[in-house]
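Notes for the one structure printed next.
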2 protein chains.
Amino acid sequence: MGDIQKELELVNNRLKEWQGKSLSLNMARGNPCHEQHRLARPMFDVITSTTGMLCEDGTDAMNYGSPMGIPEARRMMASMLDTDPENVYVLGNSSLNIMYEQISRAMIYGVMGGVPFTRQMYDNPEQPLKWLCPVPGYDRHFKITEKFGFQMINIPMDENGPDMDMVEEYVNNDPTVKGIWCVPKFSNPTGCVYSEEVCKRFANLHPASPDFRIYWDNAYCVHYLTDEHPQIPEILSLCEAAGNPDLVYEFASTSKVTVAGSGIAVLAASKANLEDFKKVLTVMTIAYNKVNQVSHARFLPDKAAIEEHMKKHQAIIAPKFDEVLSVLEKEDNIGEWTRPKGGYFIAYKTPKGCAKRALEIAKECGVTMTSAGAQFPYGKDPDDTWVRIAPTFPSVEELHSATEIFVLAVKKAYLEQQLNK
Amino acid sequence: MGDIQKELELVNNRLKEWQGKSLSLNMARGNPCHEQHRLARPMFDVITSTTGMLCEDGTDAMNYGSPMGIPEARRMMASMLDTDPENVYVLGNSSLNIMYEQISRAMIYGVMGGVPFTRQMYDNPEQPLKWLCPVPGYDRHFKITEKFGFQMINIPMDENGPDMDMVEEYVNNDPTVKGIWCVPKFSNPTGCVYSEEVCKRFANLHPASPDFRIYWDNAYCVHYLTDEHPQIPEILSLCEAAGNPDLVYEFASTSKVTVAGSGIAVLAASKANLEDFKKVLTVMTIAYNKVNQVSHARFLPDKAAIEEHMKKHQAIIAPKFDEVLSVLEKEDNIGEWTRPKGGYFIAYKTPKGCAKRALEIAKECGVTMTSAGAQFPYGKDPDDTWVRIAPTFPSVEELHSATEIFVLAVKKAYLEQQLNK
């Protein structure tokens, strides 16, 4: 007991030093940094007052129309996802918004002529509709399904992806299960890349409900941190080969390729799914921003150009991840953490029951991180253990300090817990 | 009878001549023309690879955030609508999409804590929810409310706006009435400008249903065709003064100011309405395209700049309207038509029962116009009489030919009708 008390005092003293510096460091959101944005700036010179604005099919990018996207943008985004242009619609600026909209339409109109989710919810108020949520996962996914009123089910993840026994058990037997959130490549926040076997088991699901869909958020499909480029199978063709062509909606955007929030976003799906969507799409709007589609397609016309561009991102952010990891390796003898090969996050695991308190302590020393629990539905991490570290935005120096503080904060939280045992 | 036969032969001969020319003229959609788009091209030089991208409040336009819009874009769009920046959210590229979304959210979540429209629909399947549709009106408005399953009610319009006795009768007594479509200034397609009295009666409605809203689509707020600039009262303050601050949602975009389909769009509403929206907005997306907001706000920072810019539009399209009107005045002794002072359309009235047939005949001669009935809910013009003429896109020469053909087509349709009587 005396030892713990003593160690806690040491930690407290070091934290007080940090507190005295009145820092304000933010490792909360996966925002690209200024240097990354500079990479996209040449795109702003692609279109000037004298640039030709006709698209490849003769469409005038400066007039109404083409709500499914212009051909060159569809080709560009299809190449990024290793699929065919006819499988993709290029829509607005936000893939998250496309996901929201897919569910919103299912709520009101149903999926492919099925009973609207709202109606299914009203008809059986004691039987809520369910959504599977691999955890830890992306807080903004969970906020969407929470808002729509789904009962969210935690699905544990390991280094190969979600627990597929559990996924199959739910999806293949329970008709109230309507969807699952997946970030298959460099998962948010663990960085896990779904194994080929996991992807195949997804494609071979036999949903009890015909309106079940996999929400395949391929947000980090070209976002590598090392020269090793782990791949996942292309999900649309995998589902088709399995006789399940309509099982999946795939999403992506260029927010972390060109400009965060001002990129172009894509929905990839089977012909039947796209046709189902189109019936509402042509009512929802007349067109998305085609000028931005032209900018993107001329700036990064194909996958080779995108990959070349992403190497520049890697050069900027990989050292930031390395900095966090090296401080953790040097200073931290309490937690566990991931060493991602891509994506935007390091996932950190404190001892049980310490995450929330650790983040409080870090906050008192000026370090803001995604709130504890945010990686879980309803913001509730049952073990209070996961922390998401987002190293892309701060500078290497800031990350150094922030990680040192974070390590001390975890130590303090853990020692306090030991003392109170 | 012989005279009619003879006249019909004359008309047929003239139409045959036109048919021989294999024209392809389109007066169907309200698309700006190439010359108008050229006016917006300098906007593409506003942002280059070296432009500062910080917004007035310090927000980086190249990163996530600010889903309600950046301050300068909110101020710009507020000035266009003669309201305050805090009353507007600047969102995506499409005001039509904002309208769709407002109803979509009301369907799923209800309005300000009210019962969701889907639930109201399910609970009383024999009692459909209603939407008031001043006619003739905008086909894309009607498509939205048709898609959501509202029963649409035709409200006749005159030169002062909708029949307010009928509007009051419905809105103030029938709790199943949830909304009304309005294009208050240079209405699509009649060009009518709502009178002050009509606007005041709108602001003083006492809806039987608390979730009723006026959908005030101020699409042509700065779109004049003459130097006379008819004005309508600012609707938000009018509603507030009437003790009904939450009664109205107002919409507009720059699609017909800068770039069609790639502009910025706005929702203006009371604080309570915006707060109600914000709860979902922050779940729906992380941000709209702020780069485009910066371009717009720097290109056309205030109402004076917008009005100066709109004079250039007027100089391009007013002669087109004049051409159509002068051919009609010279050649047409059968129909009636409007002489709009702004907006994008001329509304034309054939004798009863002739519109559909006239457009068929025009089509055979290579002239495409918005299909007959499109200006009415469900595509059904009860009198088969209204035709919408969209003169902005074709050249003056094309408009001359197209209008001559159209006049002949109406004449033929009318003569055929007389013969068959």
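The sequence lines fix the lettering, A, B, ..., with proteins before strands; numbering per chain opens at 1.
Using a 4.5 Å cut-off between heavy atoms, B:R29 does not touch chain A at all. Of the atoms belonging to B:S295, not a single heavy atom falls under 4.5 Å from chain A. Proximity to chain B (any heavy atom under 4.5 Å) is shown, for A:Q293, by neither the backbone nor the side chain. For a residue to count as touching a neighbouring chain, one of its non-hydrogen atoms must lie under 4.5 Å from one of that chain's; by this rule A:M43 does not touch chain B. For B:F393, the part lying near chain A is the side chain, with the backbone staying farther off; criterion is any non-hydrogen pair under 4.5 Å. Looking at A:Y109, the atoms closer than 4.5 Å to chain B (heavy atoms on both sides) all sit in the side chain, from C-beta outward.
Annotation: side chain of A:M53 is in contact with side chain of B:R41 (closest heavy-atom distance under 4.5 Å). Between A:K290 and B:V259 the shortest side-chain heavy-atom distance does not fall below 4.5 Å. Contact annotation: the side chain of A:T285 never approaches that of B:Y100 to less than 4.5 Å [non-hydrogen atoms, C-beta and beyond].
When A:K143, A:M107, A:R119 are compared by the number of non-hydrogen pairs under 4.5 Å with chain B, A:R119 comes out ahead. Top candidate by heavy-atom pairs under 4.5 Å with chain B, chosen from A:S255, A:G65, A:S95, is A:S255. When each of B:I98, B:V291, B:N292 is scored by its heavy-atom pairs under 4.5 Å with chain A, the top score falls to B:V291. By number of non-hydrogen pairs under 4.5 angstrom with chain B, the leading residue of A:I144, A:L96, A:I286 is A:I286. Your options are B:D123, B:V46, B:V280, B:T258, and the one with the most heavy-atom pairs under 4.5 Å with chain A is B:V280.
When atom types are taken as modelled, the side chain of A:D45 and the backbone of B:S49 share a donor-acceptor pair closer than 3.5 angstrom. Looking at B:N63, its side chain never comes within 3.5 Å of a backbone N or O of A:N31 through a donor-acceptor pair. Of the possible polar contacts, none joining the B:R140 side chain to the A:M284 backbone as a donor-acceptor pair under 3.5 Å is found.
Side-chain contact, B:Y122 with A:T118: a donor N or O sits under 3.5 Å from an acceptor N or O. Checking A:N289 against B:S262 by side-chain atom types alone, a donor-acceptor pair falls below 3.5 Å.
Across every non-hydrogen atom of A:S94 and B:A287, the tightest pair is CB-O, 4.5 Å. Smallest separation of non-hydrogen atoms from A:I108 and B:S104: CD1-OG, 3.5 Å. The two residues A:G30 and B:Y64 come nearest to each other via the heavy atoms O-CE1, 3.8 Å.
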- request: Report the C-alpha distance between A:H34 and B:M62 in whole Å, list the side-chain angles of each, state the deciding distance to 0.1 Å, and finish with yes or no for side-chain contact (heavy atoms from CB on, under 4.5 Å).
  value: CA-CA 8 Å; A:H34 300 302; B:M62 292 185 75; over 6 Å; no

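Distance CG/A:L281 to CG/B:N97: 9.5 Å, rounded to 0.5 Å. Once rounded to the nearest 0.5 Å, the distance linking OG1 of B:T48 with CZ of A:F44 reads 9.0 Å.
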